[in-house]
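Only one structure is covered here, and it is reproduced in the block below.
Side chains included, hydrogens not; waters and symmetry mates left out as well; all remaining heavy atoms used. Every chain is numbered from 1 and lettered A, B, ... according to where its sequence line falls, protein lines coming before strand lines. Small disclaimer: the values here were computed from a predicted structure and weren't measured.
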2 protein chains.
Amino acid sequence: MIIMHWPNRPVYVYYFRQLIGSMQITSKFTVAVHILTCIEVFGGQMRVTSEFLSGSTGVNAVIIRNVLGLLREAGIVETRQGSSGAHLTRSLDKITLYDIYLAVECIDDDGLFRFHENPNAQCPVGRNIHKVMDSRLAAAQTAMENELKNTTLADIVTETQQLINHEEKR
Amino acid sequence: MIIMHWPNRPVYVYYFRQLIGSMQITSKFTVAVHILTCIEVFGGQMRVTSEFLSGSTGVNAVIIRNVLGLLREAGIVETRQGSSGAHLTRSLDKITLYDIYLAVECIDDDGLFRFHENPNAQCPVGRNIHKVMDSRLAAAQTAMENELKNTTLADIVTETQQLINHEEKR
DNA sequence: CAAGTTGTAATCATGATGGTTACAGTTTGT
DNA sequence: ACAAACTGTAACCATCATGATTACAACTTG
């Protein structure tokens, strides 16, 4: 508890609270894309287990299962307990990076930009600045998300296959 | 150290390392915009000290001074040790949200999206997926940043003043 | 010269991320 | 039916980033 002096106004009491919440785009997102690509590329040839995917991504098998769980909840893959081999629920060109981004919950409800939580309502700027910035920051976030809608898993898999084929020619 | 078995390939040794680095858009960004707005709105009427700005933002005065330091390094404000009252170095319409975003170093060099760090180079997908995703994720980040260039401090201050005036009319 | 202010280093508390262990429940091959 | 393999999930841990806080030297101003 800290006593603040505000110009031309009575002294009042103000609580500082720890700024909480964070806003990062988890590596789960790129892991998810990696996983889905593997399911498509290796699905016909071998059993794509969480252990297998752990080997390809370098990410712990439990984390892989968690990510697969998120993708399952989002209706992107189907998995069954005890049975190996997740498979996609729809064609590659119907799955955008944005769908995956949503599935792995990259961004929480507060949005991409973290806002300082305790602007002073006694201050005319403090009680209005949030409102003013909000639409602009939301627009920036939306611009990023819309760009993610422009790429599908089909694009990713195709380009990956091309790189692999190119490797083998050499 | 974990021994991994990769299908049709010899057993090899693999190191798991903690995934490091984070990618969040600090609240320093919105704090910086808040601060700059206060400097413009209150600059003529009173001494806008770090303590004053702390009162308006609800953010610790030391953090305020750190943010002001970043804005000074970026050439957006001028401050002098011992002397209160930061002031802007150029007109409001020459300062975009993107300039402020750059100043407070919201995003490190690795980019907005965090990539899992240890994709397996023995796996054809593992050694190519990074390359494939990179340009797409960079494009998404750029879309967001370009949107930030569309708003200037002049816009923010003008709209804030309008809200304040509207309050006083009631 | 005293009071007020900035610049900055150092330390701390908290929260988020991902690694790891453990195990129950399910599937599959024989 | 049964053992082996696999998934789903909870629980706990280590590490890192953020911002709060204390402290103090250096500078400015009246």
ask   = In whole angstroms, how far is the P atom of D:dA20 from the CG atom of B:N66?
value = 10 Å
message = So, taking the atom named CG in A:N128 and the one named NE2 in A:H130, what distance separates them when rounded to the nearest 0.5 Å?
response = 12.0 Å
request  = Kindly compute the distance separating CG (A:D155) from CD1 (A:I95), expressed to the nearest 0.5 Å.
outcome  = 12.0 Å
inquiry  = Please report the distance, rounded to the nearest Å, between CG in B:L70 and C1' in D:dT18.
reply    = 14 Å
remark   = Result for side chain to side chain contact (heavy atoms under 4.5 Å, CB included) between A:T151 and one of A:I100, A:V33, A:I156 points to A:I156
request  = Treat primed atoms plus P, OP1 and OP2 as sugar-phosphate and everything else as base, then score nucleotides 21-30 of chain C 5' to 3': B for base contact with protein heavy atoms under 4.0 Å, S for sugar-phosphate contact only, - for none.
outcome  = BB-BBBSS--
query = Do any side-chain nitrogens or oxygens of B:S27 fall under 4.0 Å of OP1 or OP2 in D:dG19?
reply = yes
message = In this structure, how many angstroms lie between the C1' atom of C:dT8 and the CD1 atom of B:I64, rounded?
response = 16 Å
request  = Give the minimum heavy-atom separation between B:G55 and A:N120, together with the two atoms involved.
outcome  = O-ND2, 2.9 Å
remark   = OG of A:S50 to CG of A:N60, rounded to nearest 0.5 Å, is 9.0 Å
ask   = For D:dA5, does OP1 or OP2 lie under 4.0 Å from any side-chain N or O of A:T49?
value = no
task = Measure the distance from CZ on B:F29 to P on D:dG19 and round it to the nearest whole Å.
result = 13 Å
Residues touching DNA chain C, which here means a heavy atom under 4.0 Å, drawn from residues 34-41 of chain A = none
key: Distance, nearest 0.5 Å, that separates CZ of A:R90 from CG of A:D99   = 5.0 Å
key: Of the listed nucleotides C:dG7, C:dT17, C:dG19, the one nearest the side chain of B:R72   = C:dG7
message = Just the rounded figure in Å: distance from C1' of D:dC13 to CD1 of A:I63.
response = 12 Å
Interatomic distance, B:F115 atom CZ to B:I129 atom CD1 [nearest 0.5 angstrom] = 6.5 Å
Short side-chain to backbone donor-acceptor contact, B:T26 and B:F29, under 3.5 Å = no
ask   = Starting at CD of B:E73 and ending at C1' of C:dT8, how long is that distance when rounded to a whole Å?
value = 12 Å
query = Rounded to the nearest Å, what distance is computed from the CZ atom of residue A:R47 to the C1' atom of nucleotide D:dC6?
reply = 8 Å
request  = Keeping to residues at least two apart or across chains, list the ring pair (Phe, Tyr, Trp, His ring centres under 6.0 Å) pairs with something in residues 54-78 of chain B.
outcome  = none
note = note: A:E78, atom CD; D:dT7, atom P; distance rounded to Å ~ 15 Å
